[in-house]
Amino acid sequence: MATTASPNRPLFISLPVRDPKASKDFFTRIGFGFDPKFSSDDGACVRVSEQTSVMLLTREKFAEFSKRPTADPTACAQALFCFGVASRDEVDAVADAAVAAGGEDHDDAQDLGFMYSRSFYDLDGHGWQVMWMDPKAE
């Protein structure tokens, strides 16, 4: 029997980081909160939305979940992560905060009229994009 995706299905994405405390500070500075029940000395649970969380795990803890070698995100792309915000101004505020918190700009702003985005790398080199989409265009 085939199953279908549920809109209420939680999603946890795990990322290896060098220093969970520094990563937690970085993500706090760009406006994210954390779930203490899923956080420990080995990592922190970033709340992206009610159903989506990103687990920032030490490289050692991350390795416990995968039998494959852990890639270096500064040398190769593993994935790119995009999250939405409420306005064009918020796109700029989040991206500017990411750079001020130690992240690195990644590409120029993309302005398609109905959608506006900017990209950055976090402290470990993971690629993030923050975007706004005009709700009238959906």
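If you read the sequence from its start, that first residue is 1, and numbering goes on from there.
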In residues 58-65, what donor-acceptor pairs under 3.5 Å come from side-chain atoms, sequence neighbours left out?
from, atom 1, to, atom 2, distance (Å)
Thr58, OG1, Lys61, N, 3.0
Lys61, NZ, Glu64, OE1, 3.2

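Hydrophobic clustering (ILVMFWY, side-chain heavy atoms < 4.5 Å, transitive): Leu80 and Phe26 are in distinct clusters. Follow the hydrophobic side-chain contacts under 4.5 Å out from Val85 and you never reach Met131; the two are in separate clusters. In the hydrophobic clustering of ILVMFWY residues, with side-chain heavy atoms under 4.5 Å counting as a link, Phe120 and Ile13 come out together. Note on Phe83: it clusters hydrophobically with Phe27, by side-chain heavy-atom contacts below 4.5 Å among ILVMFWY residues.
With values rounded to the nearest 0.5 angstrom, Phe32 atom CZ is found 9.0 Å from Phe34 atom CZ. Distance check: Asp122 CG to Ile30 CD1 gives 8.0 Å after rounding to the nearest 0.5 Å. Between the OG atom in Ser117 and the CZ atom in Arg88 there is a gap of 10.0 Å [rounded to 0.5 Å]. From Arg47, atom CZ reaches atom CG of Asp35 across 5.5 Å, with rounding to the nearest 0.5 Å.
Sorted by first then second residue, the salt bridge (Lys or Arg N to Asp or Glu O under 4.0 Å) pairs that include residues 75-87, not counting sequence neighbours, number zero.
Aromatic ring centroids of Tyr116 and Trp132 lie 6.0 Å or more apart. Two rings, from Phe12 and Phe38, have their centers less than 6.0 Å apart. Tyr121 and His106 have their aromatic ring centers within a separation under 6.0 angstrom.
Residues forming a side-chain contact (heavy atoms from CB on, under 4.5 Å) with Ala22 (at least two apart in sequence, or on another chain): Asp19, Leu123. Here Asp72 pairs with Thr74 under the side-chain hydrogen bond (donor to acceptor under 3.5 Å, both in side chains) rule; sequence neighbours left out. For Ser49, the side-chain hydrogen bond (donor to acceptor under 3.5 Å, both in side chains) partners two or more places apart in sequence, or in a different chain, are Thr52. Phe114 is linked by a ring-ring contact (aromatic ring centres under 6.0 Å, His included) to nothing, counting only residues two or more places apart in sequence or in another chain.
Considering only heavy atoms from C-beta on, Leu57 stays 4.5 Å or farther from Leu15 through its side chain.
Although no hydrogens or angles enter the test, the distance criterion places a donor-acceptor pair under 3.5 Å between the side chain of Asp124 and the main chain of Arg18.
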- Task: Determine, step by step, whether Glu90 and Val130 satisfy the side chain to side chain contact (heavy atoms under 4.5 Å, CB included) criterion, reporting the C-alpha distance in whole Å, the side-chain angles of both residues, the deciding distance to 0.1 Å, and the verdict.
- Result: CA-CA 9 Å; Glu90 191 176 356; Val130 55; over 6 Å; no
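Screening Arg118, Gln110, Gln129, Met115 against Val91 for a side-chain contact (heavy atoms from CB on, under 4.5 Å) leaves a single residue, Arg118.
Across every non-hydrogen atom of Ala44 and Ser39, the tightest pair is CA-OG, 3.5 Å.
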